[in-house]
Colleague: 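Pasting a structure here, questions to come.
Quick caveat: nothing in here was measured; it's all calculated off a predicted structure.
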Amino acid sequence: MLLEGGAFALSGETGEELWSYYDRGEQLAGNVTDDGEYVVLHDEDSDRTVLLETDTGRIAHEYGLDLSEYEYTQTTSPHDLDAALGGITGETWVVRWEDSVSSYDLDTGEPVWAAADVPSCSDVGQVDSLTVQKEVVVAATTCFEHPEDKETVAWTVGWDFTSELVGLDPGTGEELWRVEHSIGRMPYDSLGRTITSRPGGLVYIDFNDPSLPLRYSLLDIEEREATHLETRSLLWTSQDGARLGLWDTETGDYLIQDRSGDVERTLERDGVSMSDDMVADGHRVGLEGGVLYLAEWTEDGSVPEGFARFEGFDSSTTFVWDRAESISVSNALSVPGGVAVAYRADGEPGVMGLR
C-alpha cells in the first residue's frame, strides 16, 4: 500500500502488517519498480530516495539525488514523478524524454547511457511509454510526418503514422530488436498508448481508447511478436505467463486461454447473475477460477445483492457489507492469498481482503 507518507506491506491472506516505512510528517512520491523488486519512495524536500525490498521492507539502497533536475516527463500531471520512479533498477534510473531514453547513475547523477532518436523517424518521433526490466528496456514509439505549415496533425483521422516497440539493452542502451505494431486511426491513438510488463516475458499494450476495435495487444519479447487481443482486455496472467485470463469488452465473457491462443475455459456473460452496471461499469479482477466483479459505488452494501460478486467456472459468491452503509471501491487487484480492495465506507477509507 503506497500512501502519501510511505508504504505498508500486508499479507494477502490475513491482512497482517508484514513491514512498513511510514512518517506522517513526510510527503513522498512512490512507486513499485517495473520489475517488482523494489518499492521506491522519494522525498522532494530533502532529495532523499529510498529503495525498499518488496519482500522484506529492508532498505536496499539510499540516494540523495535531486530528481527534479532531470527530464523524465513530457506532461504536467502531479503524478508524473511517481510513474517515472518505476524505471529505477537499483543503481540506475531509466527515463524517457521526447524521442530519447536515458539511464542515470543514482549515486552520482551522471549519465550511464543515452539512446537518441529511439523512434528512428524522418520527421516527428516520440517515446510514448516505457517499461524497464532486468533483461530489457522496452520503449513504445510513434513516428509521423508533420508539414511545416500545419500547427498539429496528431488528431487528424487518416494521417499516416508508425508505431513500434523497441528493445534496448539496460546496461548500454544498445538497440536489441524492433517490432512494428501500428494500431489506430490517427497519430494521437498511438501517442496515447501505454505498455506494462507481465510475467513470462510479456508486455501488455493498451491504446486507451474504448472506441478502437483493436485496443489491446500483447508482445512476446522472446518471439519478438505482437498479437492483437482485439476486444479482449487482459485481466489475469499465470506466474509463468503460459495462461491468460481475458475479459471480452463486447460480449462480457471471461476466457482462460494458453499462450498460443487456444481457449481452455469460458465463463459466458449470460451466466453472470448480477446487474449490468456492476459487470460493465464496475471493477473487474481476473482470477484463475473466474472473475470478481465490484460495483464502483453501492448505496447500501448490506443488501442481499451486496457490493461485489465472484462468478467462477464452478461456483459463485456474493459479498455483503456488515452494516447498512454506502460502499465505493477505488481499486482492486489480485494479491497472493486473496484480492485486495481499496474502498470507502460512508466516506471513511480502508482496505480489505476478499477470498
Colleague: What closest approach, in Å, do Ile183 and Leu214 show between heavy atoms, and which atom pair accounts for it?
Modeller: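 Residues Ile183 and Leu214, closest heavy atoms: CG2-O, 3.2 Å.
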Colleague: Who else is in Trp297's hydrophobic cluster (ILVMFWY, side-chain heavy atoms under 4.5 Å, direct or via others)?
Modeller: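 Traced through the cluster, Trp297 reaches no other member.
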Colleague: Who passes salt bridge (Lys or Arg N to Asp or Glu O under 4.0 Å) against Arg323, sequence neighbours left out?
Modeller: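 Expected list: Glu325.
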Colleague: Write down the atom of Glu311, the atom of Ser316, and the distance for their closest heavy-atom approach.
Modeller: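 So the minimum-distance heavy-atom pair works out to OE1-OG, 2.8 Å.
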Colleague: Keeping to residues at least two apart or across chains, list the ring pair (Phe, Tyr, Trp, His ring centres under 6.0 Å) pairs with something in residues 330-355.
Modeller: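 Listed by first then second residue: Trp321-Tyr343.
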Colleague: Quick one: salt bridge (Lys or Arg N to Asp or Glu O under 4.0 Å) pairs with a partner in residues 143-167, sequence neighbours left out?
Modeller: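 Those involving residues 143-167 are Glu164-Arg178.
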Colleague: Is the shortest distance from a Lys or Arg side-chain nitrogen in Asp206 or Arg193 to a carboxylate oxygen in the other one below 4.0 Å?
Modeller: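 Answer for the salt bridge query: no.
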Colleague: How about CD on Gln239, more than 12 heavy atoms from neighbouring residues, nucleotides or ligands closer than 6.0 Å, or not?
Modeller: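 Open: at most 12 neighbouring heavy atoms sit under 6.0 Å from CD of Gln239.
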Colleague: Does anything in residues 99-196 form a disulfide (SG to SG under 2.5 Å)? List the pairs, not counting sequence neighbours.
Modeller: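 Listed once each, the pairs are Cys121-Cys143.
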Colleague: I'd like to know if Asp314 pairs up with Arg265 as an ion pair, taking the criterion as any Lys NZ or Arg NE/NH1/NH2 lying under 4.0 Å from an Asp or Glu carboxylate oxygen.
Modeller: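 Result for this pair is yes, salt bridge flagged.
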Colleague: Return the set of residues passing ring-ring contact (aromatic ring centres under 6.0 Å, His included) with Phe207 (not counting sequence neighbours), or none when no residue passes.
Modeller: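 In terms of ring-ring contact (aromatic ring centres under 6.0 Å, His included), with neighbours along the sequence ignored, Phe207 is linked to no residue.
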Colleague: Using a 4.5 Å cut-off between side-chain heavy atoms of Ile, Leu, Val, Met, Phe, Trp and Tyr, which other residues end up in the same hydrophobic cluster as Leu218?
Modeller: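 Besides Leu218, the hydrophobic cluster comprises Leu202, Tyr204, Tyr216, Leu229, Leu234, Leu244, Leu246, listed by chain and residue number.
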Colleague: Could you tell me which non-hydrogen atom of Leu10 sits nearest to which non-hydrogen atom of Glu17, and how far apart they are?
Modeller: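 Distance-wise, the nearest heavy atoms are CD2-CA, 3.8 Å.
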Colleague: What pairs meet the ring pair (Phe, Tyr, Trp, His ring centres under 6.0 Å) rule with one or both residues in residues 217-240, with sequence neighbours excluded?
Modeller: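 Qualifying pairs: His181-His228.
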Colleague: Of the options Val179, Leu165, Leu219, which is the one that meets Arg224 in a side-chain contact (heavy atoms from CB on, under 4.5 Å)?
Modeller: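 Only one of Val179, Leu165, Leu219 forms a side-chain contact (heavy atoms from CB on, under 4.5 Å) with Arg224, namely Val179.
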Colleague: Tell me the closest heavy-atom pair linking Ala308 and Leu292, and the distance in Å.
Modeller: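 The pair with the smallest heavy-atom distance is CB-CD1, 4.3 Å.
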Colleague: Under 3.5 Å, side chain of Tyr254 to main-chain N/O of Leu287, donor-acceptor pair present?
Modeller: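 Present.
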Colleague: Would Glu230 and Arg215 pass as an ion pair if we require N to O under 4.0 Å?
Modeller: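 Salt bridge: no.
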Colleague: Could you tell me whether Glu264 atom CD has more than 12 heavy atoms of other residues or ligands within 6.0 Å of it?
Modeller: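 Counting neighbours around CD of Glu264, more than 12 heavy atoms of other residues, nucleotides or ligands fall under 6.0 Å, so yes.
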Colleague: So, using ring-ring contact (aromatic ring centres under 6.0 Å, His included) as the criterion, who are the partners of Trp155 when residues are at least two apart?
Modeller: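 By the ring-ring contact (aromatic ring centres under 6.0 Å, His included) rule, Trp155 matches Tyr188.
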Colleague: Establish, yes or no, whether a centroid distance under 6.0 Å links the rings of His61 and Tyr38.
Modeller: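 His61 vs Tyr38: aromatic centres under 6.0 Å.
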Colleague: So, using ring-ring contact (aromatic ring centres under 6.0 Å, His included) as the criterion, who are the partners of His146 when residues are at least two apart?
Modeller: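 If we apply the ring-ring contact (aromatic ring centres under 6.0 Å, His included) test to His146, skipping adjacent residues, there are no hits.
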Colleague: Run through the side-chain heavy atoms of Ile, Leu, Val, Met, Phe, Trp and Tyr, join any pair under 4.5 Å, and report what else lands in Trp19's cluster.
Modeller: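 Members other than Trp19 - counting any ILVMFWY side chain reachable under 4.5 Å - are Leu2, Leu18, Tyr21, Leu28, Val32, Val39, Leu41, Val50, Leu52, Ile59.
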Colleague: Do the side chains of Glu37 and Lys134 get close enough for a salt bridge, i.e. N-O under 4.0 angstrom?
Modeller: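 Result for this pair is yes, salt bridge flagged.
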Colleague: Can you name the nearest heavy-atom pair linking Leu212 to Gly184, along with the distance?
Modeller: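 Looking at all heavy atoms of both residues, the closest pair is CD2-CA, 4.0 Å.
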Colleague: Return yes if some donor-acceptor pair links the side-chain N/O of Ser326 with the main-chain N/O of Thr298 below 3.5 Å, else return no.
Modeller: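 Not at all, since once roles are kept as given, no pair shorter than 3.5 Å links the two residues.
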Colleague: Report the distance from atom CD of Gln126 to atom OG1 of Thr142, rounding to the nearest 0.5 Å.
Modeller: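 Between atom CD of Gln126 and atom OG1 of Thr142 there are 6.5 Å.
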Colleague: For the residue pair Thr33 and Leu85, what are the closest heavy atoms and their distance?
Modeller: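 Nearest pair, atom of Thr33 first, then Leu85: CG2-O, 4.3 Å.
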Colleague: List in chain and number order the residues that pass salt bridge (Lys or Arg N to Asp or Glu O under 4.0 Å) with Glu174, two or more places apart in sequence or in another chain; answer none if no residue qualifies.
Modeller: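 With neighbours one apart ignored, the set is empty.
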